[in-house]
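Here the structure comes first, spelled out in structure tokens, and everything after it is commentary.
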Amino acid sequence: MVLKRRVLHQRLLIRGGTVVSMDPAIGILPQGDVLVAGDTIARVAPRIDAAEARVIDARNAIVSPGFVDTHRHVWQTQLRTSATDWSLFDYFCRMRSIFGSFYSPEDAYLGNYVGALEALHAGITTVVDHSHIMNSPEHADEAVRGLREAGIRGTFCYGLYPNPSYGASVAPSLDPGFRLADAKRVRARHFTSDDALLAFGLAPTEVTATPYATTCLEIALGRELGARHISCHVAMGAYDTGARLVARLGRDRLLGPDLVLVHGAALTEEELAMIADAGAAISSTPETELQMAMGHPVAVRADEKGAAASLGIDIVSNYSGDMFAQMRLLLQAQRGLENAALAAPPRRIRYRAEDVLRLATLGGARALGMDGRIGSLTPGKRADLVVTRCEAINLVPVHDPVGALVLNANAFNVDTVLVDGRFVKEGGELVGVDWPALAERLRRSAERIVTRSRAIPVAAIEEIAAPLMLR
Ligand SMILES: [Zn+2]
């Protein structure tokens with residue numbers, strides 16, 4: 001076990017950086033100071049004199065709020081690069097139906113621990129973990145432990161989806177079995193404090209594959225358990241079944257601010273209006289949606305309709321776990337869509353980098369109902385912040401700090417990350433992590449999963465899945 005060592009400073013002054021606050025009242029300070037007192041942002045101003053505060057020199061650096069990732073299956077960390085050329089059909093057959101079945105509790109722990117560290121390393125301070133790796137109660141305990149030991153803020157959404165257990169047959173089942181009762185156990189055992197960094201949530205069985213009545217019961221269970229978030233994959237472009245789940249939930253008055261509706265490119269205008277009225281969240285994961293025929297990312301359309309739109313990473317089994325790539329992809333995919341529809345060359349570009357940076361920070365916080373606490377550098381909010389050094393060859397010089405974050409920076413430019421006023425990354429290094437040793441454990445875990453998975457013939461799974469998915 002890697003022992004965590006974090007230092008809580010009473011007063012910390014981040015001095016002389018370019019402050020991209022995301023607070024409309026503060027805006028961007030070309031040179032400014034941020035004072036942190038304990039777990040809270042105390043002041044943001046062009047110059048702060050704070051006696052006895054520890055000072056971090058932020059000259060040639062950008063200070064910004066932590067990113068908010070509203071959808072991620074954190075457990076997939078050790079399957080990195082396995083899904084490079086996969087369709088959603090491949091992903092269902094291989095990841096969800098085979099690899100997921102061969103995770104041990106230790107694998108679930110490592111996936112979640114290292115996955116959360118990877119997020120923090122890239123300046124993501126809040127994550128919604130849609131955790132459909134509940135092969136046993138021990139898997140749930142270990143997945144929670146992984147997030148908690150990493151020190152990330154967020155919601156652990158207990159996944160009800162049953163990964164196949166491969167006894168006598170490979171026939172699929174959608175019965176959550178022990179998970180319904182186990183979600184209650186996990187809620188009671190691991191989530192006793194409302195003030196903790198990590199909150200309890202629920203991820204119903206795939207809502208596009210189960211009967212509507214089942215989905216309603218599972219959402220009701222989440223509400224009975226006081227789930228902060230209920231995470232559902234919906235309206236997935238070419239794979240959309242046309243069941244109009246969101247419209248039905250809206251008509252039955254079951255949409256609410258606790259729902260995080262993921263992907264959603266096939267949502268109708270009527271459904272987006274219902275989502276906006278109900279205060280439910282939309283999480284668009286641009287890279288998955290573009291790769292896996294889920295339609296054009298809905299984030300901008302939803303945002304402009306007044307819905308609480310946000311961004312998610314989704315999976316690192318086929319791409320990087322940072323928000324920089326997702327922001328860039330969304331921005332340029334949106335510009336591409338709009339430019340392709342023009343009859344003549346545009347004098348100006350309509351969609352702006354600052355809009356996508358907002359979705360990745362304050363927009364995510366708003367979508368999760370947490371914008372009173374996080375999402376911007378605002379006095380009184382929790383100190384979740386990122387210092388991005390602009391010293392490396394990809395970030396010298398910087399004429400536009402928003403452009404630097406959205407179109408140029410990467411995770412290795414992130415120098416310092418605070419969550420709730422605690423250092424989780426400092427001087428470019430994760431705090432209290434022996435990375436070479438951890439990397440070796442992760443490699444061994446990956447090897448075990450892949451070896452065990454060879455027992456199941458993919459063709460047999462594909463035969464069962466094709467009539468269900470490729471209609
Ligand atoms: Zn997902």
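Below, all heavy atoms of this structure are taken into account, side chains as well, without hydrogens, waters or symmetry copies. Ligands are counted one by one from 1 in listed order, and the atoms in each one are counted from 1 as well.
The Zn ion (ligand 1) has an N, O or S atom of H71 inside 2.8 Å of it. At a threshold of 2.8 Å, the Zn ion (ligand 1) has no backbone or side-chain N, O or S atom of H130 nearer than that distance.
Using a 4.5 Å heavy-atom threshold, the side chains of C157 and L202 count as separate.
Taking the Zn ion (ligand 1) as reference, D314 places its N/O/S atom OD1 nearest. Looking at H73, its N, O or S atom nearest to the Zn ion (ligand 1) turns out to be NE2.
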Item to check | Audit row: H229, D258, side chain to side chain contact (heavy atoms under 4.5 Å, CB included) steps and yes/no | outcome: CA-CA 5 Å; H229 298 112; D258 49 0; 5.6 Å; no

Checklist entry - When you look at H73 and D129, which way does the side chain to side chain donor-acceptor pair (under 3.5 Å) test go after all the steps? => result CA-CA 6 Å; H73 306 290; D129 180 17; 5.7 Å; no

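No hydrogens or angles considered: a donor-acceptor pair under 3.5 Å links the side chains of D314 and H71.
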